Amino acid sequence: MPEMTYLEAIRDGLREAMRHDPRVFVIGEDIGTHGGAFGITQGFLEEFGAERVIDAPLAEAANVGAGIGAAVMGMRPVVELQFADFVTDAFTQVVNVAAKFHWRTGAALPLVLRMPYGGDVKGGPFHSQCMEAWFVHTPGLKVVAPAFPEDAKGLLLAAIRDPNPVMYFEHKHLYRYQRAEVPTGEYLTPIGRARVVRDGTSLSVFSYGWMLHKCLAAADAIGGDGIAPEVIDLRSLAPLDREAILASVRKTGKALIVHEANRTGGVGGEIAALIGEEAFDSLDGPVVRLASEDTPVPHSPVLEAAFQPQIPEIADAIRRLAAY
Amino acid sequence: MGAIQATPAAGEALAPNDLLQMLYYMRLQRAVEDRGVKLYYQGRIPGAYFTGWGHEAIAVGATYALGPRDLLAPMHRDLAAYIMRGIPVRRVFAQFLDREGGLTRGRDGNIHMGDPRLGIFPFISHMAASLPVAAGMALACRQRGEDRVVLTFFGDGASSTGAWHEGVNFAAVLRLPVVLVLENNQYAYSTPLNRQTACRAFVDKAVGYGIPGVAVDGNDILAVYRAARDAVGRARGGGGPSLIECTTMRVRGHSEADRYAYVPKALLEQWEARDPITLFERRLRAEGHLTPEADRAMQERIAAEIEEGLAWAEASPEPAADSVAEGVYAEDGDE
């Protein structure tokens with residue numbers, strides 16, 4: 001198996017889909033000649049031509065709306081939002097046109113929005129947001145957020161195959177964070193399925209995206225203290241893998257939820273409620289959330305470090321909860 | 001580019017049968033909506049009720065210019081367009097009544113309906129939201145080498161939205177086969193034209209996007225038809241989108257709940273004297289196409305369709321309460 005970065009895995013998955021399905025095409029700003037702001041679609045224009053690699057005007061509502069129209073016609077568009085933050089300009093198209101389409105008509109809407117999101121890229125309040133919870137709160141959308149190169153490819157291919165609009169949140173800080181083995185060819189990570197990344201018995205740690213890696217580092221930092229955290233990569237946020245979450249909590253009796261999105265109204269609250277409603281009898285301690293402050297994402301590295309959950313803070317929370 | 005005037009009738013290819021068919025669809029829209037208004041005041045239609053009273057020449061004239069495989073992204077004053085492209089009257093009534101037999105099976109109401117299988121994209125409440133979608137439908141056709149055209153309707157108010165500007169610009173830049181029909185009916189709910197645009201006419205906006213624009217009398221169905229036919233031909237030939245401003249008047253409220261006291265009486269009277277159906281009837285009678293027999297047969301046919309359609313809709317069940325959580329997501333393999 002070849003080793004790839006997360007960024008290369010996204011590119012590999014996209015190219016794989018476009019080579020094998022003529023219905024798949026990409027559209028977005030600066031994705032053709034320039035190859036994309038992050039270089040995901042480098043070489044695509046040369047390989048697939050201008051009708052399948054479409055340099056679009058600076059107009060998110062138009063680009064997402066056009067993706068919807070093409071999907072209605074049976075194409076499989078992948079719309080690149082240059083930064084996930086810009087999806088606000090396409091909000092009506094996403095939550096009112098796309099999300100409600102199948103419910104109103106009974107017809108499929110196979111649309112993927114690629115959403116480069118997240119912080120630790122010195123991007124500030126308009127290039128770093130984690131807005132996945134907005135879309136988790138919108139019936140009709142699926143929301144995925146891979147943490148590893150393998151899933152970056154597998155979830156992208158699954159999203160392209162899915163007959164529903166899928167918000168594919170790719171974390172910018174993870175683009176070149178690691179190299180790892182990625183299966184060749186058409187490789188699918190099922191949407192709606194979490195993965196136990198690290199087996200444990202002391203408590204369950206639920207996370208996704210960049211924070212998942214911080215949780216793993218925190219678990220490593222603790223090793224030897226007699227604490228064995230189970231770390232679970234949620235991978236899909238809508239639908240959530242309820243069974244995997246509940247099974248882990250029933251095993252460990254404790255839950256820590258860590259996400260980079262703002263705390264209030266975040267996905268963590270939903271997971272905590274799920275555990276409270278369905279696994280209350282298994283709990284041996286409070287369900288704990290660690291999330292970013294309820295502020296916009298600050299630009300200063302000093303402030304951003306204070307804004308986001310950090311490894312020592314996660315390790316502390318693991319220790320405290322394990323000792324509870 | 002810029003505003004050009006619609007050409008006169010020269011070279012028109014409409015046969016007498018086409019003219020009668022156009023009148024039939026105009027009358028059918030009026031008849032369905034007339035019954036809809038009655039149902040609304042009887043309290044049998046849940047929620048709001050909207051009509052396209054006075055807009056029939058635009059809906060029918062423009063839609064009549066489409067070819068069999070062309071596509072439609074209509075709005076809420078274009079009922080005839082939905083019917084002309086294949087939605088049966090009975091399902092329209094079932095939609096109004098929120099029944100299982102409606103296009104959205106009670107999930108959405110009134111004229112928020114469509115049928116992707118018939119190439120009709122369902123309108124939503126957010127004005128001009130369908131415009132970028134229409135561009136995407138046209139894009140898909142071109143990518144597949146299909147020479148289909150997408151016709152989309154919107155109002156004067158819609159032309160103030162970001163979706164409108166983004167969508168028109170997108171279609172223009174990509175030279176997509178889209179026909180943009182602006183129904184200037186003088187008011188967006190209560191907002192008059194001078195609070196909607198500083199342009200002399202909406203058609204002037206075409207210049208800003210580098211596309212042809214034409215202004216026509218929206219109550220003259222043949223003028224609308226000719227402009228649409230030219231625009232459809234240009235789109236199909238690779239000439240990109242065109243804007244057609246059709247001037248008319250919304251002679252009822254925004255919805256039936258709106259008493260429209262804000263509309264000057266004189267303005268209403270002026271436009272009511274120019275009812276598009278009456279104008280067309282007069283012309284067809286004068287030209288000998290609408291004989292008393294043909295007229296009566298058409299009226300009887302429409303009356304029967306209304307009765308049959310409404311009976312079917314009323315026999316259609318209410319959606320099952322226990323189906324409320326169904327259908328949010330498509331399943332694997334759904335098209």
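We use all heavy atoms of the structure for the numbers below, so side chains are in, but hydrogens, waters and symmetry mates are not. Bear in mind the structure is a predicted one, so any value in this text is a computation, not a measurement. Throughout, protein chains are lettered first and strands after them, A, B, ... in sequence-line order, and every chain is numbered starting at 1.
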If you look at every heavy atom in [X] and [Y], which pair is closest and at what distance?
{"X": "B/Leu174", "Y": "A/Pro57", "value": "CD1-CD, 4.3 Å"}
{"X": "A/Ala61", "Y": "B/Pro132", "value": "O-CB, 3.8 Å"}
{"X": "A/Ala70", "Y": "B/Ala140", "value": "CA-CB, 3.9 Å"}

Flag the one option from [options] with the top tally of heavy-atom pairs under 4.5 Å to chain A.
{"options": "B/Gly167, B/Pro116, B/Ala135", "result": "B/Pro116"}
{"options": "B/Arg105, B/Glu326, B/His165, B/Glu331", "result": "B/Glu331"}
{"options": "B/Pro122, B/Ala129, B/Ala163", "result": "B/Pro122"}
{"options": "B/Asn169, B/Asp332, B/Asp115, B/Leu103", "result": "B/Asp332"}

Side chain, backbone, both or neither: which part of [X] has a non-hydrogen atom closer than 4.5 Å to chain B?
{"X": "A/Glu51", "result": "both"}
{"X": "A/Leu58", "result": "neither"}
{"X": "A/Lys142", "result": "both"}
{"X": "A/Leu141", "result": "backbone"}

Worksheet item: Which value, rounded to the nearest 0.5 Å, describes the distance between A/Thr105 atom OG1 and B/Asp108 atom CG?
Response: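 A/Thr105 atom OG1 to B/Asp108 atom CG measures 11.0 Å (nearest 0.5 Å).
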Worksheet item: To the nearest 0.5 Å, how far apart are CZ in A/Arg104 and CZ in B/Arg107?
Response: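 So the gap between those two atoms works out to 13.0 Å.
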Checking heavy atoms, do the side chain of [X], its backbone, both or neither come under 4.5 Å from chain A?
{"X": "B/Leu71", "value": "side chain"}
{"X": "B/Ala134", "value": "neither"}
{"X": "B/Phe121", "value": "side chain"}
{"X": "B/Arg142", "value": "both"}
{"X": "B/His112", "value": "both"}
{"X": "B/Leu176", "value": "neither"}

Do [X] and [Y] have side chains that approach each other closer than 4.5 Å (heavy atoms only, starting at C-beta)?
{"X": "B/Asp334", "Y": "A/His102", "answer": "yes"}
{"X": "B/Thr104", "Y": "A/Trp103", "answer": "no"}
{"X": "A/Gln93", "Y": "B/Val133", "answer": "yes"}
{"X": "B/Gln143", "Y": "A/Ile54", "answer": "yes"}
{"X": "A/Asn63", "Y": "B/Glu166", "answer": "no"}

Strictly distance-based, threshold 3.5 Å: is any side-chain N or O of [X] a donor or acceptor partner for the main-chain N or O of [Y]?
{"X": "A/Asn164", "Y": "B/Tyr329", "result": "no"}
{"X": "B/Glu335", "Y": "A/Gly74", "result": "no"}
{"X": "B/His126", "Y": "A/Asn96", "result": "no"}

Other residues, nucleotides, ligands: >12 heavy atoms within 6.0 Å of [X] [atom1]:
{"X": "B/Arg195", "atom1": "CZ", "value": "no"}
{"X": "A/Arg193", "atom1": "CZ", "value": "no"}
{"X": "A/Glu278", "atom1": "CD", "value": "yes"}

Worksheet item: Top residue by heavy-atom pair count (under 4.5 Å) with chain B, among A/Lys100, A/Arg161, A/Met75, A/Glu60?
Response: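 Answer, by heavy-atom pair count under 4.5 Å with chain B: A/Met75.
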